Amino acid sequence: MDNIIKEKLKGFFTFQFEDELINEIANTGEVRLIKAGEILMDINHHVNFVPFLLQGVFKVLSEDKNGNEIVMYFLERGDTCASTFINFVNTEKSKIRVIAEIDCEVVLVSLDHFDNWMVKYKSFRSYVIESYNIRIKEMIEAIDTLAFMQMDQRLLKYLRDRAQVLRETSISTTHQEIAYDLNTSRVVVSRLLKQLENEGRIILNRNRIEVIDL
DNA sequence: ACATTAAGTGATT
DNA sequence: AATCACTTAATGT
């Protein structure tokens, strides 16, 4: 594995990984490029790896048995999917779908190394705990959003979140996709977007939304 | 030029 | 906020 990968592992993750740990990740991990739209892990599938996100953005969503989906949060570089940690104790099926928003680069590490690294590396332990913490906070935020916010506010929050993880003000999407993500109808999204545009918060184009009011 | 897909809108529940 | 039914606009072939 090349040094660029190691530099990314060193630079993007909040807890400075020890050089030795970075070498271990580099030696045992598999670097994968995931194209926009590809699914990294899916609901009801077994997962035996943990992804470390080096580049790109993933959308994490849950789906009910009727196929209604709802986006819970986004992952950006330096993030990992905390829900996969659970599987290192007990091989459980994934409850979520993780899908690439844009082209992504990840390092996949087998869960077999987890036990070992947790005791061996302080930075790894801290990182895992911190990741859990962040995800729990995100979950609470998602629940609050669903329970207390009306659709217009949810929509604006969604656009801001998405623009933030993409590090761009321009989002390439359709009203239909947003409707799926928020589990509402396209008509509602179109109307609310129009309203936001009239308020000067966004600019609408076909397949593209400029977020002004970040 | 035509077909397809995305987006806008009034009316109704 | 959802649904229907329809229109208009943008884009692909």
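Order of the sequence lines sets the chain letters (A, B, ...), proteins ahead of strands, with each chain counted from 1. Since the model is a prediction, treat every value here as computed from it, not as a measurement.
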| said: Suppose we call two aromatic rings close when their centres sit under 6.0 Å apart. Are A:Y121 and A:F17 close by that rule? | reply: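 Ring centres of A:F17 and A:Y121 not closer than 6.0 Å.
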| said: Just so I know, are the side chains of A:R77 and A:L54 near enough to count as touching, which here means a heavy-atom distance under 4.5 Å? | reply: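 The answer is no; the side chains never approach within 4.5 Å.
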| request: Taking only the side-chain nitrogens and oxygens of A:H175, find out if one of them lies under 4.0 Å from OP1 or OP2 of B:dG8. | output: yes
| task | Go through the N and O atoms of the side chain of A:R206 and the base of C:dT11, and report whether any donor-acceptor pair is under 3.5 Å. | result |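 Answer is no: no donor-acceptor pair is held.
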Please state how far atom [atom1] in [X] lies from atom [atom2] in [N], giving the value in whole angstrom units.
X	N	atom1	atom2	result
A:L155	C:dA1	CG	P	10 Å
A:L192	B:dG8	CG	P	12 Å
A:M151	C:dA2	CE	C1'	10 Å

| request: Give, for atom CG of A:D181 and atom CZ of A:R154, the distance between the pair rounded to the nearest 0.5 Å. | output: 10.5 Å
| task | For A:S185, answer base if it contacts any base atom (sugar-phosphate contacts may also be present), sugar-phosphate if it contacts only those atoms, and nothing otherwise; contact means non-hydrogen atoms under 4.0 Å. | result |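 The residue A:S185 makes base contact.
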| Taking for each residue the nucleotide of DNA chain B bearing the nearest heavy atom, is the 5' side occupied by A:R191 or by A:T174? | A:T174
| Between B:dG8, C:dC4, C:dA1, which nucleotide has the shortest distance from any of its atoms to the side chain of A:S190? |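 Of the candidates, B:dG8 comes closest.
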| A:D213 with A:R160: basic N within carboxylate O range, under 4.0 Å | yes
